[in-house]
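Counting starts at 1 for both ligands and their atoms, following the listed order.
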Amino acid sequence: MEKLLDLVSEEMKQAFEAAGYDGGLGKVTPSNRPDLCEYQCNGAMAGAKQYKKAPMAIAQDVVNALGESKVFAEAGAVNPGFLNLKLNPAFVRNYLERMAQAEKFGLEMPEHPKKIVIDYGGPNVAKPLHVGHLRSAIIGESVKRIARYAGHEVTGDIHLGDWGLQMGLIITELRERQPDLLYFEDNYEGEYPAEAPFTISELEEIYPTASAKSKEDAAYKEKAMDATFKLQSGVRGYRALWKHIMDVSVADLKKNYKNLNVEFDLWKGESDVHDLIPAMVEEMKKGGYAYLSEGALVVDVKEETDTKEVPPCMILKSDGASLYNTTDLATIMDRMDKINPDEIIYVVDKRQELYFEQVFRCARKTKLVRPETELKFLGFGTMNGKDGKPFKTREGGVMRLESLLEEINGEMYRKIMSQENRTMPEGEAGETAKIVALSAVKYGDLSNQASKDYIFDIDRFTSSEGDTGPYILYTIARMKSILGKYAETGGKTDAAALQPASGASEKDLMLQLAGFNAMMEGAYAETAPHKVCSYIYDLANAFNRFYHETKILTEEDRTKKEGWIALLALTRDVLETCIGVLGFSAPDRM
Ligand code: ARG
C-alpha cells in the first residue's frame, strides 16, 4: 500500500502539471509549522527561477488547479510562496480503514527479500554477562525483528565466545584445584563422566579467580595459554572438560536470554568454525593474500584513502594459534557457505569498530564474500551510570546482567505495589512488574541512537510519565481497558466504522497512525530502532491528548462511538506491533 505522503505528493504533482508546471515540484513534506498546517509544499519557490515567475503566482495557480481536491481540505498559498496544506479528514479516514484491513498495516514487502544474518549477543561462555552484552542483545533483537517485519529472511546468531583464553584459564584453575581429575590423565582412553565436575556458580567464581591470578602470575598465564592451545588442538580430556563448561554455561545463558525476551536462531560459536581454519588459511596463502611477517601470518588491509593507520589483519600467530580475527573470518566463510546471506550485521560495542573494519576488508580482499555482500557494523555506545562513567555496582564492580534486572524488577514491583487504590493482587503484580521492567530497560536503551552513550537511570526509566517504556505500556493498558469494557457491553469493533476526524486531537492521532509505514521503512533502512521509539512516543502522546478530550464509552451517538472504538483498536494494534519489534510486550492491565 502506498505511503500517505506519497499519495499526497502524487495529488500535488498532478496539480502542478495541470497548472502547466513541472510535476516534480509537487513534493510534499510534513509541516515545519504544525500550528499552521499539517503538510507543506515548497515547489512554487523552487520553480520560480525556472518559470521566471513570482513564487506566490505559481502557488496560486496550483491552488486553483487543485480545485475541489479529495485529498486536501485546505490548500493555501502563503508568502513568500509556500503551499500550506491540511488533509481532508475523509481521505485520512479512508486511508486508515485500508491500513487496518491490510496485512502489516499495508507496509510494502520487498520484491526480493534479502537474506540477512545478525550477529549479536556475543556472550563469552563461562564469563558472567555484563551490561555491554545487554546492549548487544537488546539492540540486535530489535534490529532482527524490524528486518523480519519488513519482509526479509533473517537469521540471528549469538556467536558465542567459546574458544578463547577464558577456556584455558578455567581449565588451568580446575587443574590447580583438582589435579586428580580423569580429564588430566595423559594416557586415559576411556569414557569421561557425564556430570560436570562443577556447578554454574562454581564456574562463575572460577573464571574471575583464574583471570586475576593470570594477571599477577606470568607462569600461571603461560599455563593457561598452553591449556588453550591443547584444547584447540584437540587433547581429549580438555575437549571433554570444555564440553562440560559449554553445557553448564549455555543452559544458564539460555535462561538469561529468555528473561530478556531475546531469541537466537543459531547458537553457534567461535569453536564451530575451528576446523574450517586450516583450509581457509590455505586459500589465503594460495591467493597470495596472506604472507609471513615476523613469524605471524597476516593480510594487508590498508587502503590508499585511509587517513589513519589500519594495521594488517593477523590470521595466525607465530606459534600457529588462531585469533579472534581468525574465527570471525572463518565464521563469515561458514555463513556464506551455509546461508549465503546478502548482508551480515554485527551488533557490537563501537570500540571494536577498527577491528571489524580490518575483518571486513580482509574478507573482501580474500573473496570470502560475494562482491555485493554487505558487511555492516552497528556499533553501540557505553551504558553509563548517573556519574557519566561506565555503569558499575554500588561497590564499584562490573554490574552483572542478572543483578541489574533484579534491581529494576524490584523497583518496578515497589512502584506497582505503592499505587494508590491498587486493585492488583500481589502475585499478578510480580508478573506485571517483570513485564514492565523489561520495557523500562529496553525502551531506555533503544530510544537512544545506538551509537551514542547513554545514562542508565532506573528512576527515570521506570517512571510512568515521559519518554519511557512504562508510559507506553500504561497507554496501551488504558486502551485495552476501554476496549474491554466496551466489549462487555456487547459492542463490536470494526475498522469500517471509522469516522472522519471531528476535532483537532482526533485528526492528529489519525495522522500519526497513517505515518506508520513510512516510519517502519525508515527504521529498517537505517537499522534504527530509536525511530520506532520516537514514533510510539508521539503516537502515545497523540492518543492521550485525544483521550483526555473525549468521553468515549459514555458517548450516545453510536456512529461516533463506534468510530472512536475502531480508532482505539487500530492505535492499540499499531502500538503493540511496534513494541513487538522492540522486543517487549504489554500486560492487559497495570
Ligand atoms: N564475545 C565478544 C565480546 O564479548 C563479542 C562478539 C562480537 N561478535 C563477533 N562476531 N566478534 O567482546
Side-chain angles (χ1 to χ4, degrees), residues 116-141 143-144 154-170 204 207-208 211 228 242 245-246 249-250 252-253 256-257 260 262 264-274 276-277 280 313-315 322-336 338-339 341 343-364 368-369 373-383 390-391 398-401 450-451 527:
I116 305 175
V117 171
I118 305 191
D119 181 314
Y120 70 110
N124 300 314
V125 166
K127 285 198 207 172
L129 287 172
H130 59 72
V131 293
H133 295 119
L134 178 70
R135 288 214 75 189
S136 180
I138 290 178
I139 298 166
E141 181 70 16
V143 166
K144 180 188 80 180
V154 194
T155 308
D157 184 1
I158 189 167
H159 198 72
L160 292 168
D162 61 359
W163 208 229
L165 181 63
Q166 89 264 26
M167 292 296 184
L169 283 165
I170 293 169
E204 286 182 345
Y207 172 74
S211 166
T228 312
W242 173 83
I245 302 173
M246 287 294 283
S249 181
V250 167
D252 186 60
L253 284 172
N256 270 294
Y257 284 113
L260 282 173
V262 168
F264 299 97
D265 304 296
L266 295 177
W267 278 77
K268 291 206 167 201
E270 297 171 343
S271 65
D272 284 293
V273 296
H274 176 73
L276 306 178
I277 292 174
M280 181 182 79
C313 198
M314 197 191 284
I315 310 293
S322 56
L323 302 96
Y324 185 44
N325 286 323
T326 329
T327 51
D328 259 322
L329 288 163
T331 302
I332 292 180
M333 191 172 87
D334 190 40
R335 285 174 179 158
M336 293 311 291
K338 300 220 168 69
I339 302 176
E343 184 173 356
I344 309 180
I345 304 176
Y346 293 82
V347 187
V348 183
D349 191 311
K350 72 178 175 200
R351 284 171 293 192
Q352 292 189 31
E353 181 159 20
L354 175 62
Y355 164 80
F356 275 99
E357 181 65 43
Q358 289 174 289
V359 168
F360 292 174
R361 286 184 184 186
C362 185
R364 284 204 185 287
L368 291 181
V369 293
T373 311
E374 267 185 79
L375 297 170
K376 193 184 273 174
F377 178 70
L378 183 61
F380 53 80
T382 309
M383 181 174 133
F391 200 83
V398 176
M399 180 61 126
R400 305 224 346 224
L401 190 56
S451 61
T527 39

If you define the side chain from C-beta out and look only at heavy atoms, does anything of [X] sit under 4.5 Å from [Y]?
X      : Y      : result
Ile138 : Val262 : no
Lys268 : His159 : no
Asp349 : Phe380 : yes
Phe356 : Asp328 : yes
Arg335 : Ile344 : yes

Practice prompt. List in chain and number order the residues that pass salt bridge (charged side-chain N to carboxylate O under 4.0 Å, His left out) with Glu204, two or more places apart in sequence or in another chain; answer none if no residue qualifies.
Written response: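 Partners of Glu204 under the salt bridge (charged side-chain N to carboxylate O under 4.0 Å, His left out) test: Arg400.
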Shortest protein contact, [atom] (heavy atom only):
atom                    : result
atom 12 (O) of ligand 1 : Gln352 NE2, 3.2 Å
atom 8 (N) of ligand 1  : Asp119 OD1, 3.2 Å
atom 6 (C) of ligand 1  : Tyr324 OH, 3.4 Å
atom 2 (C) of ligand 1  : Gly122 O, 3.6 Å

So which bit of [X] gets within less than 4.0 Å of ligand 1, heavy atoms only: side chain, backbone, both or neither?
X      : value
Tyr120 : neither
Asp328 : side chain
Asn124 : side chain

Worksheet item: Going from OG on Ser271 to CH2 on Trp242, what distance comes out if it is rounded to the nearest 0.5 angstrom?
Response: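 Reported to 0.5 Å precision, the distance equals 3.5 Å.
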Worksheet item: Is there any N or O on Pro123 that sits under 3.5 Å from an N or O of ligand 1?
Response: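 Among all N and O atoms of Pro123, none is under 3.5 Å from an N or O of ligand 1.
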Fill in: Close N or O approach (His133, ligand 1; < 3.5 Å)
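Indeed, backbone or side chain, His133 has an N or O that close.
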Item to complete: Please confirm whether Tyr346 and Phe360 have ring centers closer than 6.0 angstrom.
Response: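 Distance test on ring centres: under 6.0 Å, yes.
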Discussion item. Using a 4.0 Å cutoff against the non-hydrogen atoms of Val348, which atoms of ligand 1 qualify?
Written reply: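 That gives atoms 7 (C), 8 (N) of ligand 1.
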Fill in: Subset of ligand 1 atoms that lie under 4.0 Å from at least one heavy atom of Tyr346
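In order of number, 10 (N).
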